[in-house]
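Remarks on the structure that follows.
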Amino acid sequence: MGYIHCCGALHKTRTYRLVPRDNFVLCELDYLTRCPVCGHTVAQLTRIDKDDNISIVRKVNKKAKEFLKKLKNFVLYEERPINYNKRNYGRFYLNYNEFGVKKRCYSNLSTLKIGLSENKDLKINP
């Protein structure tokens with residue numbers, strides 16, 4: 001998934017890989033159907049040649065739609081983002097001992113006070 005800079009922000013686009021022509025190594029077309037700020041349609045063709053020079057062609061609104069129609073024949077595939085599991089937690093609970101009482105931690109590990117024993121002279125929060 002690519003990004004196009006429009007109206008002072010980066011917006012997610014549909015990215016197409018094109019057949020490289022005219023001594024180019026890589027050709028990609030980013031297409032933004034509608035900018036959420038201004039409502040423009042934007043198409044941006046990015047090409048890299050053998051000497052690592054980058055050339056960018058950018059079209060807006062009606063010209064962008066015509067540009068996409070013209071390049072549809074040269075599209076190899078559409079790049080799709082990898083779907084990965086967004087859950088970053090498991091079924092594991094950390095058992096710990098706080099002031100001699102066994103407890104189970106369900107969430108925030110940074111606030112744990114593991115291994116504390118009750119001591120009246122100890123000042124934890126001055």
Exercise for review: Could you pull out the closest heavy-atom pair between C6 and H11, with the gap in Å?
Suggested key: O-NE2, 3.0 Å
Check your understanding: Of K65, E78, Q44, K59, which is the lone residue that meets side-chain contact (heavy atoms from CB on, under 4.5 Å) with Y31?
Key -> K65
Practice item. Check for a donor-acceptor pair, side chain of T41 on one end and backbone N or O of R34 on the other, with a separation under 3.5 Å. Key: no
Review point. Taking it one step at a time, do L68 and L29 satisfy side chain to side chain contact (heavy atoms under 4.5 Å, CB included)?
Key: CA-CA 8 Å; L68 180 66; L29 177 69; 3.4 Å; yes
Review point. Same hydrophobic cluster for L71 and Y16, using side-chain heavy-atom links shorter than 4.5 Å among ILVMFWY?
Key: yes
Exercise for review: Write down the atom of N53, the atom of D49, and the distance for their closest heavy-atom approach.
Suggested key: N-OD1, 2.7 Å
Practice item. Go through the steps to decide whether L32 and T13 satisfy the test side chain to side chain contact (heavy atoms under 4.5 Å, CB included), and finish with yes or no. Key: CA-CA 5 Å; L32 179 64; T13 62; 3.9 Å; yes
**Study point:** Spacing of N61 atom CG and C38 atom SG [to the nearest 0.5 Å]
**Key:** 8.0 Å
Review point. If you take all heavy atoms of C27 and V19, which pair is closest and at what distance?
Key: SG-O, 4.3 Å
Review point. What distance do L45 atom CG and E28 atom CD have between them, rounded to the nearest 0.5 Å?
Key: 9.5 Å
Check your understanding: Do the side chains of F74 and F67 join up, straight or via other hydrophobic residues, at under 4.5 Å, putting them in one cluster?
Key -> yes
Exercise for review: Work out which heavy atom in L26 is nearest to a heavy atom in P20; give both atom names and the distance.
Suggested key: N-CB, 4.4 Å
Revision key, fill the gap. Taken to the nearest 0.5 Å, the spacing of D30 CG from E79 CD works out to 8.5 Å
Study note, to complete from the structure: Note: G2 and T15 closest approach over all heavy atoms is N-OG1, 2.8 Å
Check your understanding: How long is the span from the CG atom in L18 to the CG atom in L76, to the nearest 0.5 Å?
Key -> 7.0 Å
